[in-house]
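Below, read A as the first sequence line, B as the second, and so on, with proteins coming before strands; counting in each chain starts at 1. Given the structure is predicted, the values throughout are model-derived calculations rather than measurements.
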Amino acid sequence: MTSLGQQVFTQNTAEGNAQKTKNQDQPDLLGHVAVPDETPAKGPIIIQVALPVPLFDVFSYLVPDALLAQWPFAPGCRVCVPFGKRELVGIYLGQATNDGIQPDKLKTIHTVLDDESLLPESMLKLLHWAASYYHYPIGEVISCALPTLLRQGRPYNLLAQYWRLTATAEREALKRAPKQLETFDLLKLHDEPGAPESALLLMGASKKQLQLLQEKGLAECFLQKTEHQTHPVKLAELPLIPNDEQQLAIDTIKQHLASFKGILLDGLTGSGKTEVYLQAMQPVLEAGQQVLVLVPEIGLTPQTLDRFRSRFQCEIVAMHSNLTDVARLQAWQAAQTGRAQIVIGTRSAVFTPMPKLGLIIIDEEHDVSFKQQDTFRYHARDVALCRGHRESCPVILGSATPCLESLHLVEEGKLLSLKLTQRAGNAALAKIQLIDLKNQPREHGLARDLIDAIKQRLKKQEQVLIFLNRRGYAPVLLCPQCAWQADCPRCDAHLTVHRQPSEHLHCHHCNYQSRLPAACPSCQSTTLTPTGMGTARLEEGLKELFPDTDILRVDRDSTSRVGSWERIYERAHQEKGAILLGTQMLAKGHHFPHVTLVAILDVDGGFLNVDFRAPERTAQLIMQVAGRAGRGQKAGLVLIQTFKPENPLLQILIQQGYAAFAKTCMAERKAMLLPPYRYCALIRAETPQAEKSLQFLQHVLTLLYAQPEAKQLEKPPLEIWGPVPAPMERRAGVFRAHALIFCKDRRLLHHLLGHWWLQVCKLPERRGVRCSIDIDAQEMS
DNA sequence: AGCACGCCGACT
DNA sequence: GTCGGCGTGCTC
């Protein structure tokens with residue numbers, strides 16, 4: 001959001017710049033389209049089309065006479081066009097002015113796929129802004145706002161699943177299946193022409209019965225166009241009575257409806273943020289408007305959805321990566337037509353068109369999953385703020401551990417801050433204590449004091465959660481004779497020892513796998529020793545230490561089988577002693593009411609890291625994990641094992657809390673002129689040859705200062721760190737390097753980067769080098 | 001990104 | 001004599 005502050009709150013956007021320069025010699029940076037309001041002179045109609053190709057231009061085409069009956073097209077509709085030897089589906093953006101390309105090079109579009117716009121003007125503008133802000137090709141940005149099926153050119157029909165009986169269906173076949181019989185009769189009632197699944201479910205049919213009938217060949221499912229109708233919102237459940245803080249937050253948000261306002265809802269875990277969301281949403285929904293709710297990737301659980309469903313009786317759609325193409329299209333259409341009043345989704349849902357958008361909520365706004373890491377590197381939180389600004393609706397950012405960027409915007413008066421400090425039911429906040437690992441005997445990686453604390457809890461039939469962010473058995477395989485270590489042949493990393501499903505070595509960075517060597521390849525010793533602690537090994541150790549206790553391990557290896565996570569979840573909800581043990585997966589979203597002790601085993605790495613954001617991330621994680629402890633009536637305790645108990649940041653965090661920590665961290669950032677006090681961009685390069693990545697970056701960075709715009713500046717306005725090899729220089733066989741660019745002035749940074757990056761992408765030296773630009777980079781690896 | 005064209009090695 | 005390797009160049 002770094003840049004967003006300025007971006008949102010001043011009108012000086014890159015878009016604005018592009019508009020100013022569009023008629024000059026410089027090619028329009030991101031192919032912004034001439035506004036199609038001037039009626040063109042007679043002659044052929046030339047239109048501009050955005051295509052899903054990694055090129056920064058939009059493309060001009062002619063409209064054939066045969067399609068003039070459909071003219072004028074709706075900006076945002078799809079067109080089929082010839083492109084090279086291919087045919088592509090693109091988005092019609094508007095009429096082109098005649099300048100630029102020679103008319104003889106123009107091709108003619110093949111077809112127009114839609115009568116109406118799929119992406120209203122406000123969405124197209126937002127997508128243009130995102131393309132320009134993140135320096136990413138406009139066609140690819142636009143295509144990420146469309147579901148796959150529409151991208152492929154499949155017809156836009158409002159599809160819904162309908163059910164009907166098959167022609168040969170006989171009632172007699174179901175004599176001994178009363179439930180299916182009920183569903184059969186229901187279908188019989190609505191047999192012509194079939195009934196939508198959603199209606200059948202409301203009438204008491206179940207999905208399972210329908211499927212069983214289908215398997216028996218008695219019923220069939222088909223897709224059919226539906227008419228969209230909006231159902232009035234009804235409250236399905238009375239709102240809880242808010243406490244004073246919640247009421248103040250709700251009232252304040254209500255005051256700001258119908259205009260843009262960024263609101264940071266800074267509330268402890270368990271202080272009732274969701275209730276504030278729900279009550280703030282109510283007037284928006286009652287006014288017939290839509291609400292967009294963004295949640296972190298792991299946060300979109302059935303429980304989350306249930307919470308909304310049980311409060312509001314209106315159409316709610318979930319948008320996440322696990323949807324099938326058809327389901328995604330249906331959800332998208334429900335949002336795009338305005339029928340779905342609530343859209344809950346992960347990062348990419350921020351680009352869902354919603355014609356009656358009235359409120360945006362971003363839950364756990366600090367979560368890293370809101371920043372896309374590969375290809376189009378946008379931050380959904382920042383896009384959401386921009387969207388709220390453009391569409392004049394409030395944006396609520398909720399978090400117990402707000403990111404420093406958001407807190408900085410509060411400081412500057414650009415975000416309104418609302419605090420929730422009381423926990424529901426007066427639940428006591430967990431105490432956090434450090435365990436000094438120096439001079440402390442350990443068993444299976446656990447300090448004596450920690451083992452004693454665990455025993456105490458188990459005796460009382462309470463549960464313990466142990467957090468260890470390292471999966472596998474052991475992170476290193478070491479030869480004690482000659483200090484050889486098993487390393488990945490393709491990465492600068494150790495191989496992790498795994499014992500499940502069978503003993504093997506595994507690289508967590510490139511997926512390389514191999515057998516364990518029988519003897520040390522260096523000195524032939526046969527005493528190779530797994531060293532260090534992973535979750536699988538800790539599980540073994542815990543079974544030895546607590547033989548009569550259920551140990552529930554939660555990590556990617558233990559939960560990959562279907563249903564295993566559900567089983568663990570169920571067991572954790574029984575009021576009986578148990579130890580939950582796992583990686584980050586455990587930290588987020590899930591509520592374990594019987595956990596009263598949380599242990600964090602390896603926190604030191606987070607504070608001693610080249611990434612300047614690492615302490616912030618670690619603190620957020622600690623607070624989040626701490627929030628898992630003692631949410632019920634029983635007070636919780638958090639124990640953190642560390643070799644560095646004197647670390648000042650850690651001390652401030654546990655003694656004075658996250659707010660004080662953030663303040664200190666912020667002061668350090670300010671002193672170092674790091675984000676959010678300067679804006680940043682990270683340039684990455686990857687090649688299979690060592691040195692070449694660095695050389696390329698070096699070359700490219702000299703061009704940055706060689707630009708005429710940069711030369712005119714007296715003092716270099718940019719500070720460049722690097723180029724340096726990336727923290728893990730070699731990964732999956734490629735050598736990675738990067739450089740960080742800082743600038744105080746966001747507009748200047750984007751102005752310089754924009755022209756320069758276009759130039760870099762066209763460089764002949766670029767062949768064989770994968771390079772990318774990451775605006776407001778969040779992770780330095 | 002695709003998908004051409006283009007110019008050199010091991011096959012019938 | 002061809003099939004195919006991926007270098008490089010273009011796409012309105």
Report summary line: Atom CZ of A/Arg767 and atom P of C/dC6 are separated, to the nearest Å, by 17 Å

Report task. Using a 4.0 Å heavy-atom cut-off across all strands, classify A/Pro82 as base, sugar-phosphate, or nothing. Result -> sugar-phosphate

Query raised in the report: Taking atom C1' of B/dA4 as reference, at what distance in whole Å does atom CG of A/Leu88 sit?
Result: 15 Å

Query raised in the report: Is there a donor-acceptor pair closer than 3.5 Å between any side-chain N or O of A/Arg347 and the backbone N or O of A/Ser369?
Result: yes

Query raised in the report: Base, sugar-phosphate, or nothing for A/Leu51, non-hydrogen atoms under 4.0 angstrom?
Result: nothing

Requested in this report: Check the distance between C/dC10's C1' and A/Phe56's CZ and give it to me in whole angstrom.
Outcome: 17 Å

Query raised in the report: B/dC3 phosphate, OP1 or OP2: any side-chain N/O from A/Lys85 under 4.0 angstrom?
Result: no

Query - Whole angstrom value for the distance that separates P of C/dG9 from CD of A/Glu765 - result: 12 Å

Report task. Figure out the OH/C1' separation between A/Tyr92 and C/dC12, and round it to whole Å. Result -> 15 Å

Query raised in the report: Can you check whether A/Leu752 reaches A/Ile741 side chain to side chain, under 4.5 Å on heavy atoms?
Result: no

Query raised in the report: What is the distance from CD of A/Glu87 to C1' of B/dG2, rounded to the nearest Å?
Result: 15 Å

Query raised in the report: Does A/Lys105 put a side-chain nitrogen or oxygen below 4.0 Å from OP1 or OP2 of C/dT11?
Result: yes

Report task. Quickly work out the A/Arg86 CZ to C/dC10 C1' distance and round it to whole Å. Result -> 11 Å

Query raised in the report: Starting at CD1 of A/Ile46 and ending at C1' of C/dC12, how long is that distance when rounded to a whole Å?
Result: 10 Å

Query raised in the report: Which value, rounded to the nearest 0.5 Å, describes the distance between A/Gln372 atom CD and A/Thr346 atom OG1?
Result: 10.0 Å

Query raised in the report: With distance as the sole test, does A/Arg736 use its side chain to make a donor-acceptor pair with the main-chain N or O of A/Met728 at under 3.5 Å?
Result: yes

Query raised in the report: Contact class for A/Phe83 vs. all strands (heavy atom < 4.0 Å): base, sugar-phosphate, or nothing?
Result: base

